[in-house]
4 protein chains.
Amino acid sequence: MNDEAEAESGVDAGDAVTPPATAPGRPRDEEASGRIRAAALKLVREEGYGQVSISRIAKEAGAARQTLYNRWPTKAELVLDAFFAQANAIAARPDPAPDVPRSIVLRDFLCDIFAHLQRDGAALRSLIAAAQQDEDFCAIFRTRFVEPRGHIVEELLRDAQKRGELGAGRDTAMLTALVHGAFWYRLLNGQALDDRLAQGIVAEIFGG
Amino acid sequence: MNDEAEAESGVDAGDAVTPPATAPGRPRDEEASGRIRAAALKLVREEGYGQVSISRIAKEAGAARQTLYNRWPTKAELVLDAFFAQANAIAARPDPAPDVPRSIVLRDFLCDIFAHLQRDGAALRSLIAAAQQDEDFCAIFRTRFVEPRGHIVEELLRDAQKRGELGAGRDTAMLTALVHGAFWYRLLNGQALDDRLAQGIVAEIFGG
Amino acid sequence: MNDEAEAESGVDAGDAVTPPATAPGRPRDEEASGRIRAAALKLVREEGYGQVSISRIAKEAGAARQTLYNRWPTKAELVLDAFFAQANAIAARPDPAPDVPRSIVLRDFLCDIFAHLQRDGAALRSLIAAAQQDEDFCAIFRTRFVEPRGHIVEELLRDAQKRGELGAGRDTAMLTALVHGAFWYRLLNGQALDDRLAQGIVAEIFGG
Amino acid sequence: MNDEAEAESGVDAGDAVTPPATAPGRPRDEEASGRIRAAALKLVREEGYGQVSISRIAKEAGAARQTLYNRWPTKAELVLDAFFAQANAIAARPDPAPDVPRSIVLRDFLCDIFAHLQRDGAALRSLIAAAQQDEDFCAIFRTRFVEPRGHIVEELLRDAQKRGELGAGRDTAMLTALVHGAFWYRLLNGQALDDRLAQGIVAEIFGG
DNA sequence: GTGTAAGCGAGACGGTACGTCGTGTCTTGGA
DNA sequence: TCCAAGACACGACGTACCGTCTCGCTTACAC
C-alpha cells in the first residue's frame, strides 16, 4: 500500500544477518512519517476527512507536500495508515479466559471497539467512505481491517458454538454480518456507539 | 430541501383556500428539473458521486450551470433529490395483506430493495460515502433515506410483535439496526445482496 | 440611439395637429424613464461607471431590468442619455456680448464646463471610455457631444480672429484640439479642473 | 507592480554584497511570462482590453489560468505590464544632440509616438478607456505610462526655456497638458495622428 | 575527501471544480 | 402592449486542491 509499509513487511525486517541492503542516497526521515500521520489523524478527528486537504496535513506536519505524495499515494491511504498505526492494538487481543462465556467476550470486544471509536469514529467513517470510491483502497481496507475483525468475531462465534453457548445451526457468517453491520450502520448514521448497544447486539445474537 | 420541492409541497399542503399564489416572474421550466435530475442520476450511476461535477450534470442536461445552483444549493442536494425522486417508490408500499406473516413481508421488502440495488447499488454506495464526508449531505441523506426505511422496518417489526410473531421483549430499534446493518455491511463490502441473504436475515431475526 | 429619443426628435414632436399616432397597448411610463436616468446618474456619480450594473440601476429606480433594455441598448447609452438630459443646458448659451474680449468668453465657457464637471466628471469619463469600446456609441457621442462643443470653441476662435484678437494665421481646428485636449487630458487623469486651468489655457492660446 | 518585476529590480539595485537571495521552491518559468505578455498584447491589440478575458490570454499563451493570477493580481496589471514591456523603449530615448532646436526634438518625439500608435492606437484607446472604469488600473496607468511621458515633454520644454527657445514665462506643466491633450483628444476621437499634427502642435507651442 | 544518489523544504505548473456575478433574452401574470 | 418579476443560457471572475515538476540544500554511503 505504501512504500514504507512494504519495506517494513519485507523479508529484511528483523533479519540482522542479511545486510539491510541500504538504499543509496539520503534515507527517509522516519520521524517525519510519524509527524505526518499524527497531523493527519489530528486534523481528521478535529474537522473530518472531507474538510482536510493534503496541503493542510503537510503544513500541520511541517513537511513538504511532495513528501506526503512520496509515501502515500492518496489522502485516503495516508489516513488509513495513520489510523491503523494506532488502532491495530485492538486486534491484537489476548486469548480470552476459558471460563468466560463467549457472549461476554463478544460484548467486551465490542465495548472496546466502541470506546476507541469515541475518538476515531470520524476517521473510520472517512475510511469506509474512501473504500467506496477506490477499488484498490477497498481491497486493502477489507484485507487489513474488515476481514481480520470479521474473523475475530466469526471465530468467537464458532467457539461459542463448540462450547454449546450458541445453537449449532446458526450461520456464523451471517451473524458476523449482523454484528458488524449494526455497528457500521449506527456509526455511519452518526448514532451513538455505547455499551448499551454492545449489550443489545450480544443479547440479540445469543439471547435469540 | 429545495425551493421547488418546498413550493410544491407548500401548495398542496392542506390549505385549499389560499390561492395558488403564483410566483411573479417567469416560472421555472419544470421540464428542465426533470432533465437535470435524470442527468444527475445517470452520471452518478455510471461514474459515482465523487466523479460527477455540477458542470457535467448541467451539460448533460443541456442547462446552464447557474440553473442548477438556482434550484439546489449543493451537488449533494441535487443528487439526493434525483435519487429519491425515483427511489421513494420503493418506500411507498401498499399495506401488506393481513394474513401474511410479517417475516414474509420483511423478506419481500428486503428482496425488493436488493433487486433495485442490482441497478443502483454502486450509486447508493457512493451516496453513503459522500454522506461520511459532508455533514449537511449526511443530514439530508438520513432524513430522506435512512430514517424512512428504518421506520418501515421498525413498524413492521412492531406489527409482528402485536401479532405475536415476534417476542414482545425484543428491541425493535436494535433489530432494525441489525437488519439494515447487515445489508449495508455487505453492500459496502462488495458482497452479494441476494434473496438468500434476505432469507437469512429474516431467519435470524424471527427464527432465532 | 434610443427609441424614446428618436420619438422625441421625430416629426410629430410639438405638432399638435397631427394626431399623436397613439401606439396600441399600454403606453410607456415616461416617469419611469426619469427615475431610471436619475438612478443611473446618481449611482455613476457615487460609485463610478464600472461599479454600477444594469441590475443595480433598475433596482435603484424601482424598475424591471427589462424596462431598461427596452429603452436603451446599453448601459453606456443609458448613462449618456442621463448625462445629456441635464448637461445640454451648457451648450445652449446666449450669444456673448459684443464688447467682451473673446478670450474672456472662452475662459468663462471653460469655467462653466469645469464647474459642471465637479459633479459629473466621473460620468463624462465613463462616457469617453464607453465611446472607445463601441463604434456606434462613439459616433453618437461625437455627434451629440464632442462636435457641438468643438464647434462652439472653433466658432469662438474664428470670431476672435475676425475681431483681431487672435492671429489670422492660427489653425483654429488645431487650437480647438489643444483646448479640449488639455481639458480631457486632465479629466481623464484625475487632475483638477479649476478656474486656474481655464485661465491658463486661454492665456496660452491667446497670449502666445 | 508585479512580483517578478520587483524581484528583478531588487536584485540589481545597488547592493552587490547581498547574495542573489534565490527564492526557495521551483523558480518561475520566465519564458512563460514572455508568452503570456505576448498573448495579452496580441489579444488586446486585436480585440481591445474589454473583450479579452484572463482565460483567453492563458489559453493563447498555453499557460494555466492560475499562473496568470500568481504573477499579476489583475488583468489590468498584466495587460499594462505587457504593453509597457514593449512600449517603454519609446521613453528610453537618447539625449538629443545639443545643436538641435528643442522644437525639432519635440516634433520627432511626437512623430515617433504617432508612428508606434499606427499599430497600438486601438490598444491604447482601450487602455485609456479601462483606466476610466477602474480606480486601481488608473493609478498604475498613470504612474507607468502617463507621468513618464509627461515628464519627458516637460523636461524638454524646460530645456527649451533654458536655451532661450521658449519664453521663460510659459507654464511648462500647462504646455505639457496641451501637447498630450491634443494628441489624446484626436486619438480618442478617431482622428488621424500624423506628422502634420505633430508639426502643428509644435508650431503652436513654440511658434505662438 | 569526494562523488553520487536520494530525501527534503519550498513553491511553480497545468488542470479541474467550485460558487458568484453580470449580461442580454425569454416568459409569466397583471395593469 | 407595457410593466414588475424573475428564470434562462452564457461566460468571466477569483479561489482552492490536485498531482507533477523543478529548484537548492541536506544527508548518507561508497569509492
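Within every chain, numbering begins at 1; the chains are lettered A, B, ... in the order of the sequence lines, protein sequences first and strands thereafter. All figures in this text were calculated on a predicted structure; none of them were measured in a lab.
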Residues B:Arg28 and B:Ser33: side-chain donor-acceptor under 3.5 angstrom: no
Interatomic distance where CD belongs to B:Glu77 and P belongs to E:dC18 [whole Å]: 15 Å
Length of the line joining C:Arg71:CZ and F:dT1:C1', which is rounded to integer Å: 13 Å
Sugar-phosphate, base or nothing in reach of D:Ala32, heavy atoms under 4.0 Å: nothing
Minimum heavy-atom distance between C:Ile54 and C:Lys75, given as atom pair plus value: CG1-CB, 4.0 Å
Student check: side-chain heavy atoms of D:Phe83 and D:Val44 closer than 4.5 Å: no
Nearest atoms (heavy-atom pairs only) where D:Asp81 meets D:Arg37: OD2-NH1, 2.5 Å
Nucleotides 21-31 of chain E: protein proximity per nucleotide (B base, S sugar-phosphate only, - neither; heavy atom, under 4.0 Å): BSBBBBBB-BB
More than 12 heavy atoms of other groups within 6.0 Å of B:Glu31 CD: no
Nearest-angstrom distance from the residue atom CD of D:Glu31 to P of F:dC23: 12 Å
Separation of atom CG in B:Leu68 from atom C1' in E:dT20, rounded to whole Å: 15 Å
Nearest listed nucleotide, side chain of D:Asn70, among E:dA12, F:dA7, E:dG14: E:dA12
Listed pairs under 3.5 Å, donor-acceptor, residues 57-65 of chain B side chains, sequence neighbours left out:
| from | atom 1 | to | atom 2 | distance (Å) |
| --- | --- | --- | --- | --- |
| B:Glu60 | OE2 | B:Lys42 | NZ | 2.8 |

Separation of A:Leu127 CG from A:Gln132 CD (nearest 0.5 Å): 11.0 Å
Value in whole Å for how far the P atom of F:dT22 lies from CD of D:Glu30: 16 Å
Rounded interatomic separation in angstrom, taking CZ from B:Arg28 and C1' from F:dA5: 13 Å
Phosphate OP1/OP2 of F:dA4 contacted by C:Thr67 side-chain N/O (<4.0 Å): yes
Sugar-phosphate only, base, or nothing, as touched by C:Gly50 at under 4.0 Å among non-hydrogen atoms: nothing
Atom-pair distance (CD1 on A:Ile57; P on F:dC17), nearest Å: 12 Å
Whole-Å gap separating C1' (F:dG19) and CG (A:Leu78): 15 Å
